[in-house]
Amino acid sequence: MSNIVAIVGRPNVGKSTLFNRLTDSRKAIVDSESGVTRDRHYGKSEWNGVEFSVIDTGGYVKGSDDVFEGEIRKQVKLAIDEANVILFVLDVSEGITGDDEVVADMLRRGKKKVFVISNKVDNHVRQGLSGEFYALGLGEPYNISSISGSGTGDLLDDVVEALEKDVNVEELEIPKFAIVGRPNVGKSSFINALLGKERNIVTPIAGTTRDSINTRYTAFNHDFLLIDTAGIRKKSKVEEDLEFYSVMRSIRAIEDCDVCLLLIDATLGLEAQDLNIFHLAEKNRKGIVVVINKWDLVEKNTNSTKEYEEKIREKLQPFKDVPIVFTSALTKQRVLKAIEVAEKVNESRTRTIKTRELNDVMLPIIEHSPPQALKGKHVKVKFITQLPTHAPSFAFYCNLPQYVSEAYIRFLENRLRENFDFNGVPIQVFMRKK
Ligand code: GDP
Ligand code: GDP
């Protein structure tokens, strides 16, 4: 279901340098310009047509300049639990250190595919030194230089091959919903409200990772898989671990799902961390339902819901075409409604619009408000088609795609949203050369 590549290793071996190289940090800069808080340790990447996520686990460990063995262990355990493929980075100029052995020991016992990375191989002399890393018992080392990028192509060829072999065998053909949100927003309560007394209609399905509990729900004409991230609370004893683990679990759950229900605590409103999870879902082009939970705690007048909704939508800009449901997990109010909305979002996300219908609706709109002529050139859109991608994307074929402005592409997206229901669904619009 998901493709997650985790980077592990002790401090200063070059993990974040490699992370930046794999995730194309130029894109990230664009992100920060649009005011989006960027996660510096999580990014998307693509190689030979295979998309995957890259996580710099070291980045999530606090005080990594003077790191304790325990912190390194935590980082590696997380990678073994959550990733499909692990990149174990070593520094060829320093050889094997005690900390490296700690990491290697854990990785040998974990069941995940590991690539041994001999980093900082900037020249031929250093190439010869990598042989030492064979002794770790984790296979042949890959010589790379994260700074120059040399060797990373060969590494990625093998990484995506390993990812493709790792695809999950028992993939169920039912919608997958993830319940995500920060600690204490009410995820466990929400799931209990949903499953509660009807435990008997629930079949536990072995999760892809040891700790995630995926539950199939079949009742009242519903059939879906719930991906639960609530278990985190019970696991981590230390307060500061909570955020760390919840981010990691959210990533996994979001990658595995079709639609995520992002729970917000109504008494706190939508904060930066909630927005981070929202953008994570958007970046992965998953369906989204915003669930304002603990609505029972908010004092209401006749306009409260409307006003609250408007405030939330403002913060979600520019992707504000998202359903918002107000629930109380405590009194079970509208919990099932939230699920029904998720089902609707899933339908919109998997629907294919006929080319004929697309053209009948969109071509007259384009004729009425054509792209502005740049440098005296006229852009003529010939036809539109939905691409066979897993999340909705549309190609507008025209004579001069490079002359179409970002603003006009947004205009097209908004008209698509008005005419075809994509509430809660990230969509993409491409201008293509006819
Ligand atoms: P991290 O702590 O493992 O994330 O390591 P960093 O990515 O911060 O890198 C630690 C240091 O090693 C920095 O000064 C990097 O510039 C340097 N470094 C990373 N990759 C290479 C490389 O391929 N060659 C050389 N010569 N230096 C590198
Ligand atoms: P999680 O960490 O997201 O799984 O959150 P929990 O489900 O453990 O809930 C955290 C706290 O909020 C618990 O004390 C719950 O009883 C409480 N809570 C959860 N949902 C609601 C709700 O809708 N209304 C009220 N008043 N409290 C709630």
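None of these values were measured; they are calculated from a predicted model. In what follows, every heavy atom counts, from backbone to side chain, and hydrogens, waters and symmetry copies are set aside. When a ligand or atom number is given, it counts from 1 through the structure's own listing order. Starting from 1, each residue takes its place in the sequence as its number.
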Has ligand 1 got any nitrogen or oxygen that is less than 3.5 angstrom from a nitrogen or oxygen of Ile144? no
Heavy-atom pairs closer than 4.0 Å: do any link ligand 1 to the side chain of Thr17, the backbone, both, or neither? both
Output yes when a side-chain donor or acceptor of Lys112 lies under 3.5 Å from a complementary backbone atom of Ile80, and no otherwise. yes
Counting heavy atoms only, name the option from Asp91, Asp122, Val92 that's nearest to atom 26 (N) of ligand 1. Asp122
Atoms of ligand 2 under 4.0 Å from any heavy atom of Asn293, numbered from 1 in the order shown, are 20 (N), 21 (C), 23 (O)
Enumerate the atoms of ligand 1 whose separation from the nearest heavy atom of Lys15 is less than 4.0 angstrom. 1 (P), 2 (O), 3 (O), 4 (O), 5 (O), 7 (O)
Can you classify the ring geometry of Trp295 versus Phe326 as parallel (below 30°), tilted (30 to 60°) or perpendicular (above 60°)? tilted
Residue part near ligand 1, for Asn119, under 4.0 Å between non-hydrogen atoms: side chain
Please verify whether a non-hydrogen atom of Pro11 lies at under 4.0 Å from ligand 1. yes
Please report the C-alpha distance between Thr331 and Asp296 in whole Å, then the side-chain angles of each, then the deciding distance to 0.1 Å, and finally whether the side-chain hydrogen bond (donor to acceptor under 3.5 Å, both in side chains) criterion is met. CA-CA 8 Å; Thr331 68; Asp296 56 293; 5.6 Å; no
Are Glu161 and Lys113 close enough, and set up right, to give a salt bridge (Lys or Arg N to Asp or Glu O under 4.0 Å), and what steps lead you there? CA-CA 11 Å; Glu161 201 187 307; Lys113 172 75 187 162; over 6 Å; no
Is Val121 close to ligand 1, meaning an N/O of one under 3.5 Å from an N/O of the other? no
Less than 3.5 Å between some nitrogen or oxygen of Phe190 and one of ligand 2, yes or no? no
Please give me the minimum heavy-atom distance between Lys120 and Val13, naming the atom from each residue. CE-O, 3.4 Å
Under 4.0 Å from a heavy atom of Leu297: give me the atoms of ligand 2 that qualify, with their elements. 26 (N)
Atom indices of ligand 1 within 4.0 angstrom of Gly14 heavy atoms, with elements: 1 (P), 3 (O), 5 (O), 6 (P), 7 (O), 9 (O), 19 (C)
Atom indices of ligand 1 within 4.0 angstrom of Ser145 heavy atoms, with elements: 23 (O)
With only distance considered, is Thr327 within less than 3.5 Å of ligand 2 through an N or O on each side? no
Sidechain-backbone polar pair: Arg349 side chain, Arg285 backbone, donor-acceptor under 3.5 Å: yes
Any N/O pair Asn184/ligand 2 closer than 3.5 Å: yes
Candidate with minimal heavy-atom separation from atom 12 (O) of ligand 1, of Arg21, Lys120, Arg10: Lys120
Check Gln386 against Ile353 and note the closest heavy-atom contact, atom names and distance. OE1-N, 2.8 Å
Compare every heavy atom of Leu90 with every heavy atom of Phe133, then report the nearest pair and how far apart it is. CZ-CB, 3.7 Å
Close aromatic pair by centroid cut-off 6.0 Å: Phe420 and Phe394: no
Among Ser189, Gly181, Ser188, which residue places a heavy atom closest to atom 9 (O) of ligand 2? Ser189
Would you sort out whether Lys337 and Glu340 count as a salt bridge (Lys or Arg N to Asp or Glu O under 4.0 Å), showing the intermediate values? CA-CA 5 Å; Lys337 164 85 182 168; Glu340 281 161 7; 5.7 Å; no
Note: ligand 2 atoms sitting under 4.0 Å from heavy atoms of Lys187 are 1 (P), 2 (O), 3 (O), 4 (O), 5 (O), 7 (O)
Side-chain donor-acceptor pairs of residues 314-325 under 3.5 Å, sequence neighbours excluded:
{"unit_1": "Lys315", "atom_1": "NZ", "unit_2": "Leu270", "atom_2": "O", "d": "3.1"}
{"unit_1": "Asp321", "atom_1": "OD1", "unit_2": "Asn423", "atom_2": "ND2", "d": "2.8"}
{"unit_1": "Asp321", "atom_1": "OD2", "unit_2": "Arg417", "atom_2": "NH1", "d": "3.0"}

